[in-house]
Undergrad: 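Here it is, the structure in full.
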Amino acid sequence: MTSDPFVFDLAHQTVRDLNAALHALPPGSNETLWRVENPRGLHAIAAGVDADAAIEIGGSVGYYCAGMNKRAAITVRGNAGVGVAENIMSGRVHIKGDTSQAAGATGCGGTLLIDGNASARCGISMKGVDIVVKGSVGHMSAFMAQAGTLTVLGDAGESLGDSIYEARLYVRGAVKSLGADCIEKEMRDEHRAQLFEKLSLAGLAGEVDVSEFRRYGSARTLYHFHIDNLGNY
Amino acid sequence: MCGIVGLFLKDASLEPELGAMLAGMLGVMCDRGPDSAGFAVYGAGETGQLKLTLRGPAGTVFSGLQSALDEAAGARVAIVARDTHAVITIPATREFAIRTALAQIAPDITVVGVGARMELYKEVGLPSDVAIRFGLDRMAGTHGIGHTRMATESAVTTDGAHPFSTGTDQCLVHNGSLSNHASLRRDLVREGLSFSTDNDSEVAAAYLTSRMREGDSLGEALEHSLKDLDGFYTFVVGTETGFGVLRDPIACKPAVMAETDRYVAFGSEYRALAGLPDIEHARIWEPEPARVYFWDRAA
């Protein structure tokens, strides 16, 4: 197994070439360590990776970085633009800075860890991903969330969990307002255990007290059309 | 889609570089808006003088206006021609006489911007080409804003390109679309504002002009627009001394800002900011929805 990372410099090479090289990694490849330099906010960096690779990106990225990720561990040493790790299937995406809108959108699995803040619509339509945000999330986060967990160590903006299905939302700070059909729920032992597990995934085991969090989820009144709910749709 | 850039310098030693920095930012935003582009630069000004930015059809020889302009101004008028545009510097008291003379001798020339310091250029074409045609990279100034347009609400014409200027030293660039621009336009026309296009963004510019006429600061005018403007918008606005940013409460349209000791910069995407000096150490953030940001040199 090689220990030197495979270095890709986006000042001289294209994102298309980078992604083609990542997509071509055969199963069991020894090229498991990748370093991407000079990302300069370019879009779709390391999107669509399906390999047991560790990819470190040395700066801020643009839209859809690590989108559709499977298996890879991707670290961004900077901020991320719109839709980071959108539709993530598995693996782990770690953003050292802040993220723009729709982080982890429609994610089906894996872990998205954001050290800074995430702006609006974090975890929109999430379907199984575990998202941990060390800072705060913007308005309409977990909109139409269907499965998975969203853990926020800071605050949540307006309309958290609007039209939520079954995802679990854990927020330590203040929630500006809850969206339609999202309610606060009792924090039982099973939830504390789950939250501890998710915080452990993010390397925060023991650093954060799970009893400081509140849980939010679906009141399940909007699942089926009901004429009395018309005003909520 | 559209792309917006803006730059407000705090460090005077960067002023000779303003145009070059703005041109770089605008070039990166070409693929957000390849139809047309424009920019406004706040450069040097002289007490008692006004700068009028004129636009003529391709091939206009602006020096041919010299004697007529001198006569209307009662003084020698400086004319600096740049491609289809020219900036003329006139005594502030002679603006009406100059406009009247222009309308008579050169009816196909339009005044696109007026200000003590503002110069405004816009054309149809790839933004990086537009910047080269006007020599943006050689312009100096304290602040500037730019726009790359992908037209959605009105035609691809030079008039429809941004920035829009509806008041002295005021201009606006917009990414988004307004839904109540028609009714707002009727109200503003009643107040005496005039429009040169059917563009929704021009209505936003005129709205801010109207508020500032009534005594609002730029920040107050932007606060009021949260109540009165309906639709999607990220605005970047310039005044003689100020620079403001506002996103609508839904915040669909992207925005990233960077601030260092030397400048404040705005870009639709971080890519536009990636080439700025010492960006690695800048404070970078996404402007919050419905929150007014503004900086003023006079403050």
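Within every chain, numbering begins at 1; the chains are lettered A, B, ... in the order of the sequence lines, protein sequences first and strands thereafter.
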Undergrad: Taking the side chain as every heavy atom from C-beta outward, state whether B:His162 and B:Lys122 have any atom pair closer than 4.5 Å.
TA: no
Undergrad: For residues 124-143 of chain B, give me every residue with a non-hydrogen atom less than 4.5 Å from any non-hydrogen atom of chain A.
TA: none
Undergrad: Considering heavy atoms only, which positions within residues 257-270 of chain B lie below 4.5 Å of chain A?
TA: B:Ser268, B:Glu269, B:Tyr270
Undergrad: Does the side chain of B:Met21 come within less than 4.5 Å of B:Leu14's, by heavy atoms?
TA: yes
Undergrad: Chain A contacts: which residues in residues 242-252 of chain B have a non-hydrogen atom closer than 4.5 Å to it?
TA: B:Arg247, B:Pro249, B:Ile250, B:Ala251, B:Cys252
Undergrad: Show your working on salt bridge (charged side-chain N to carboxylate O under 4.0 Å, His left out) between B:Glu220 and B:Arg211 and close with a plain yes or no.
TA: CA-CA 8 Å; B:Glu220 288 162 347; B:Arg211 295 292 333 178; over 6 Å; no
Undergrad: Is B:Ile284 close to B:Ile279 at the side-chain level, that is, under 4.5 Å between some pair of heavy atoms?
TA: yes
Undergrad: Checking ring-ring contact (aromatic ring centres under 6.0 Å, His included) for the pair A:Tyr170/A:Phe213: CA distance, chi angles, key distance, verdict?
TA: CA-CA 6 Å; A:Tyr170 299 107; A:Phe213 286 77; 7.3 Å; no
Undergrad: Strictly distance-based, threshold 3.5 Å: is any side-chain N or O of B:Asp230 a donor or acceptor partner for the main-chain N or O of B:Asn180?
TA: no
Undergrad: Sub-3.5 Å donor-acceptor pair from the side chain of B:Ser201 to the main-chain atoms of B:His174, do we have one?
TA: no
Undergrad: For B:His147 and B:Gly38, indicate whether the former's side chain and the latter's backbone hold a donor-acceptor pair under 3.5 Å.
TA: no
Undergrad: Say whether, by atom type as modelled, one donor and one acceptor occur between the side chain of B:Arg149 and the main chain of B:Asn175 under 3.5 angstrom.
TA: no
Undergrad: Taking the side chain from A:His23 and the backbone from A:Ala47, do they hold a donor-acceptor pair closer than 3.5 Å?
TA: yes
Undergrad: Is A:Asp181 reaching over with its side chain to a backbone N or O of A:Leu222, donor-acceptor style, under 3.5 angstrom?
TA: yes
Undergrad: Please check: side-chain N/O of A:Asn38 versus main-chain N/O of A:Leu10, any donor-acceptor pairing under 3.5 Å?
TA: no
Undergrad: Is the A:Phe6 ring parallel, tilted or perpendicular to the A:Phe8 ring (thresholds 30°, 60°)?
TA: tilted
Undergrad: Which residue out of A:Pro39, A:Ala120, A:Ser60, A:Gly59 racks up the most heavy-atom pairs below 4.5 Å with chain B?
TA: A:Ser60
Undergrad: Is there a donor-acceptor pair closer than 3.5 Å between any side-chain N or O of B:Ser36 and the backbone N or O of B:Ala161?
TA: no
Undergrad: Report yes or no: does A:Lys127 contribute a side-chain atom to a donor-acceptor pair with the main-chain N or O of A:Gln146 at less than 3.5 Å?
TA: no
Undergrad: Does the A:Thr151 side chain pair with the main chain of A:Val132, one donor and one acceptor, at a distance under 3.5 Å?
TA: no
Undergrad: What parts of residues 84-119 of chain A touch chain B if we use heavy atoms and a cut-off under 4.5 Å?
TA: A:Asp98, A:Ser100, A:Gln101, A:Ser119
Undergrad: With a 4.5 Å limit on heavy-atom distance, are the side chains of B:Asp200 and B:Phe164 in contact?
TA: no
